[in-house]
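Contents: one structure, followed by commentary.
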Amino acid sequence: MAGQPVCEVHNLGLVEYADAWALQRDLAARRASSDIPDTLLLLEHPPVYTTGKRNAEANLRLPPELLGAPLVTSDRGGDITFHGPGQLVAYPIVDLRAAGLGVVTYVRNLEEVVMRTLREYGIASGLECGLTGVWVGSEKIAAIGVRVSRPGGATGAWVTAHGLAVNVDVDLAWFERIVPCGIVDRGITSMQRLLGRAPPVPEVAARLVVHFGEVFGREMRHTTEKRTLTGLTSSLA
């Protein structure tokens, strides 16, 4: 909507986790110095397990060398999860001070974006008291793990990184090798499992962008072409 702050959307396709993490650090620093507007990265990852800053290996069901995918300890909050093809990952780079948001409200907004997106496919999802993410019954369909930092120093803006992951058509067998999010008595589900079919990840991404704009009050401005990671990095140089 005209007059709203801009959020620039970049569709990056399949991106290695380490590359996306490095890009987020760069974008967060640029957002903190107001060189760029709020930014939303949409992508998928090759198979990778990621953990938050604590309990790196506490919730593995197999030794790291038998997981079949790398295990990365990142600087986000939350416990262990899996990312892989068929999972929509969204990394918002948002100046929370400019948006007038606290961290808890920001996370609740991300959950609302996911729930509105799923509703378009007839999936009734909700929240669980004391737990982050989006749930269908006792099974998690979307994980959320964020980082909020001041890349410009103590007097600078609080900027977000990392974000959310929606299970569209991801192979759920990968989650059997871990205790997802460290929660032993809950399961994992996907849009494919619930619907009996898998909507295309780009379609789900497009709908998520619309709801992100609605919930956060942003004008979602897409780049004119699909950007590769290299193309996005060079454009910001």
Side-chain angles (χ1 to χ4, degrees), residues 9-21 40-51 59 61-62 67-72 74 76 78-92 110-128 131-146 162-181 183 186-212 220 222 226-229:
V9 181
H10 297 276
N11 292 281
L12 300 179
L14 190 68
V15 180
E16 291 286 347
Y17 187 84
D19 293 335
W21 187 8
L40 180 62
L41 306 178
L42 300 170
L43 51 98
E44 296 173 69
H45 287 306
V48 61
Y49 292 96
T50 70
T51 74
N59 287 304
R61 290 191 168 116
L62 293 174
L67 289 173
L71 174 63
V72 178
S74 77
R76 63 165 173 79
D79 212 302
I80 193 165
T81 193
F82 171 78
H83 297 304
Q87 183 187 71
L88 171 61
V89 176
Y91 292 139
L110 292 181
E111 291 166 337
E112 179 65 21
V113 169
V114 174
M115 289 188 291
R116 291 189 186 192
T117 303
L118 294 173
R119 199 175 299 140
E120 289 206 43
Y121 293 93
I123 297 174
S125 59
L127 308 180
E128 288 288 307
L131 301 174
T132 58
V134 176
W135 302 78
V136 179
S138 63
E139 296 182 315
K140 180 176 280 192
I141 192 169
I144 292 176
V146 305
H162 300 285
L164 62 89
V166 182
N167 296 331
V168 181
D169 189 24
V170 65
D171 182 356
L172 297 178
W174 286 99
F175 290 94
E176 297 172 4
R177 305 173 193 188
I178 60 173
V179 181
C181 303
I183 305 171
R186 304 295 177 100
I188 300 291
T189 193
S190 67
M191 297 178 74
Q192 162 68 33
R193 174 174 286 180
L194 294 168
L195 299 173
R197 59 179 178 83
V201 172
E203 177 189 294
V204 180
R207 296 189 181 195
L208 185 139
V209 167
V210 172
H211 293 300
F212 189 95
M220 306 304 288
H222 293 263
K226 182 176 179 180
R227 293 292 188 96
T228 63
L229 185 69

Quick one: sort the His45 and His83 rings into parallel, tilted or perpendicular, breaks at 30° and 60°.
tilted
Classify the ring geometry between Tyr91 and Tyr17 as parallel (under 30°), tilted (30 to 60°) or perpendicular (over 60°).
perpendicular
Can a donor-acceptor pair be found, under 3.5 Å and without considering hydrogens, that links the side chain of Arg177 to the backbone of Leu62?
no
Quick one: does Ser74's side chain have a donor or acceptor within less than 3.5 Å of a partner on Thr51's backbone?
yes
Set of residues satisfying salt bridge (Lys or Arg N to Asp or Glu O under 4.0 Å) with respect to [X], sequence neighbours excluded:
X	answer
Arg61	none
Glu176	none
Arg116	Glu112, Glu214
Glu111	Arg108

I'd like to check the side chain to side chain donor-acceptor pair (under 3.5 Å) partners of Trp135; sequence neighbours left out, ordered by chain and number.
none
For Pro199, all residues meeting side chain to side chain contact (heavy atoms under 4.5 Å, CB included), sequence neighbours excluded:
Tyr121, Val168, Met191, Leu195, Arg197, Glu203, Val204
What pair of heavy atoms forms the shortest contact from Leu118 to Ser125, and how long is it?
CD1-OG, 3.6 Å
Between CG of Asp171 and CZ of Phe82, what distance do you get to the nearest 0.5 Å?
7.0 Å
